[in-house]
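Read the structure below first, then the notes.
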Amino acid sequence: MTLGVNIDHIAVLREARKINDPDPVMALAICAQSGADQITIHLREDRRHIHDEDARRIIHASPLPVNLECSIEPSIIDIVCSLRPHRATLVPEKREEVTTEGGLDVIGSFDLISNAIKLLKESEIEISLFIDPTREAIEASERLGVQWVELHTGSYANLYAMRHSALPHSHHTIEPLKLPRQDLDNKIEQTYCALVDAANYARSLGLKVAAGHGLNYQNVTPIVEIDTIEELNIGQSIIARSVFTGLATAVSDMKTLCKR
Ligand code: PXP
């Protein structure tokens with residue numbers, strides 16, 4: 001199982017002071033030496049963490065392939081085409097969200113996504129679509145002619161956190177926390193089965209399958225066991241742990257959990 005380390009949160013820390021420290025470029029060699037297989041970054045429309053110049057420097061300096069997440073907004077696609085990362089992962093984006101909530105609307109926005117894909121293909125950039133784990137989304141992705149889909153693991157991760165953590169949680173947890181444990185277990189099982197089914201189905205259609213969002217040192221193992229998923233993209237939990245352990249240990253501990 002390959003591991004993409006999402007280093008956006010290093011830039012989040014920098015932006016807390018709007019200075020030049022810590023520099024996400026400094027993470028590249030450490031991630032590569034600690035077992036990461038890919039660097040993932042998200043160039044958001046609001047540039048709240050990674051800036052254009054970060055993306056340019058990271059793509060230029062990275063010893064690992066760079067997976068650049070972006071929206072389908074034409075001005076962003078133009079920038080991505082000129083940056084020429086190894087891969088572009090198209091994600092939905094809302095300005096007010098804290099992080100990417102839900103997958104792309106690959107059915108409703110089919111034509112807009114198709115336009116973005118055409119431009120990225122002309123720039124010879126590999127393409128992935130960040131989608132919810134449903135057969136309909138996978139069929140639409142296959143029709144769109146991309147090489148990869150990335151399955152959104154956020155629902156699984158949220159439910160897992162509600163069931164297993166004693167920590168207070170965000171707004172996501174208010175409803176389900178009222179549920180009895182057995183109901184939560186059933187819901188986790190349902191979201192997990194949806195991921196297994198979606199991964200197997202995507203693979204059967206010839207798509208490569210990645211997964212990510214909300215994965216951490218507690219909940220990642222069942223996802224690693226889905227053998228049709230070949231890559232995980234993980235950010236927040238690795239950067240959070242690195243505050244205490246250092247980035248090298250945080251990455252290599254996660255890579256160990258990703259081994260099959
Ligand atoms: N994959 C995609 C497509 C994402 O948008 C994100 C969040 O930027 C991640 C993976 C990583 O999520 P997390 O930071 O929760 O590990």
Side-chain angles (χ1 to χ4, degrees), residues 1-13 15 24 27 31 36-50 54-55 58 65-73 76 80 85-95 97-106 113 116 126-133 137 141 146 148-161 165 169-170 172 195 198-199 202 208-220 223-224 229-243 247 250-251 253-255 257-258:
M1 170 77 84
T2 58
L3 173 64
V5 177
N6 184 319
I7 60 172
D8 294 344
H9 285 276
I10 298 174
V12 169
L13 193 54
E15 293 306 305
C31 288
D37 304 286
Q38 171 170 270
I39 297 295
T40 295
I41 51 174
H42 185 171
L43 184 67
R44 290 190 72 100
E45 287 169 31
D46 61 11
R47 310 298 201 275
R48 70 170 73 151
H49 39 56
I50 294 292
D54 294 322
I58 288 166
V66 175
N67 170 29
L68 181 50
E69 299 171 1
C70 62
S71 75
I72 58 169
E73 163 65 32
I76 291 280
V80 175
H86 183 78
R87 189 189 308 164
T89 297
L90 301 179
V91 302
E93 217 175 280
K94 291 191 230 107
R95 295 233 164 198
E97 70 192 356
V98 176
T99 181
T100 314
E101 294 165 0
L104 272 176
D105 179 8
V106 267
I113 295 171
E126 193 177 64
I127 304 160
S128 180
L129 303 178
F130 190 42
I131 57 169
D132 290 320
S141 302
V146 293
W148 285 85
V149 287
E150 179 167 340
L151 303 178
H152 199 307
T153 51
S155 301
Y156 161 81
N158 280 338
L159 288 161
Y160 195 100
S165 170
H169 291 293
S170 69
H172 293 297
L195 286 164
K208 294 181 175 202
V209 186
H213 209 282
L215 297 177
N216 60 34
Y217 298 84
Q218 288 76 44
N219 66 20
V220 76
I223 303 296
V224 173
I229 297 180
E230 53 187 283
E231 172 190 296
L232 299 180
N233 288 297
I234 306 180
Q236 202 274 338
S237 62
I238 294 177
I239 305 305
R241 179 173 285 214
S242 75
V243 172
L247 184 58
V251 172
D253 285 355
M254 186 57 86
K255 182 65 188 186
L257 291 175
C258 288

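Read the numbers this way: they start at 1 and go in the same order the structure lists the ligands and their atoms.
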Check whether the side chains of E93 and H42 place a donor and an acceptor atom closer than 3.5 Å, and report yes or no.
->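 Yes, because at least one side-chain N or O of E93 sits under 3.5 Å from a partner of the opposite role on H42.
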Going by atom types only, do N67 and E69 share a side-chain donor-acceptor pair under 3.5 Å?
->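 Checked: N67/E69 side chains show no N/O donor-acceptor pair below 3.5 Å.
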Proximal ligand 1 atoms for N233, defined as those under 4.0 Å from one of its heavy atoms =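 Here the atoms of ligand 1 in question are 10 (C), 11 (C).
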With atoms numbered from 1 as shown, which atoms in ligand 1 lie under 4.0 angstrom from a non-hydrogen atom of F130?
->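 Every atom of ligand 1 under 4.0 Å from some heavy atom of F130: 2 (C), 3 (C).
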Would you tell me which option among H213, E93, E150 has the nearest heavy-atom contact to atom 1 (N) of ligand 1?
->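 Shortest heavy-atom distance from atom 1 (N) of ligand 1: E150.
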Identity of the nearest option to atom 15 (O) of ligand 1, non-hydrogen atoms only, from G214, S237, P92 =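 Comparing heavy atoms across G214, S237, P92, the nearest one to atom 15 (O) of ligand 1 lies in G214.
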Would you check whether Q236 has a nitrogen or oxygen atom less than 3.5 angstrom from a nitrogen or oxygen atom of ligand 1?
-> yes
Would you say G235 and ligand 1 have an N/O pair spaced under 3.5 Å apart?
->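 Yes; at least one N/O pair falls below 3.5 Å.
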Exam field: side chain T2 to backbone E230, donor-acceptor pair closer than 3.5 Å |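 Judged by distance alone, yes, a pair lies under 3.5 Å.
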Have a look at ligand 1 and work out which part of E69, if any, has a heavy atom under 4.0 Å from it: side chain, backbone, both or neither.
->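 Answer for E69: side chain.
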K208 bridged to E126 by N-O distance under 4.0 Å | no
Do the charged groups of D37 and K255 touch, with an N to O distance under 4.0 Å?
->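 A salt bridge links D37 with K255.
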Report the C-alpha distance between V224 and L257 in whole Å, list the side-chain angles of each, state the deciding distance to 0.1 Å, and finish with yes or no for side chain to side chain contact (heavy atoms under 4.5 Å, CB included).
-> CA-CA 8 Å; V224 173; L257 291 175; 5.7 Å; no
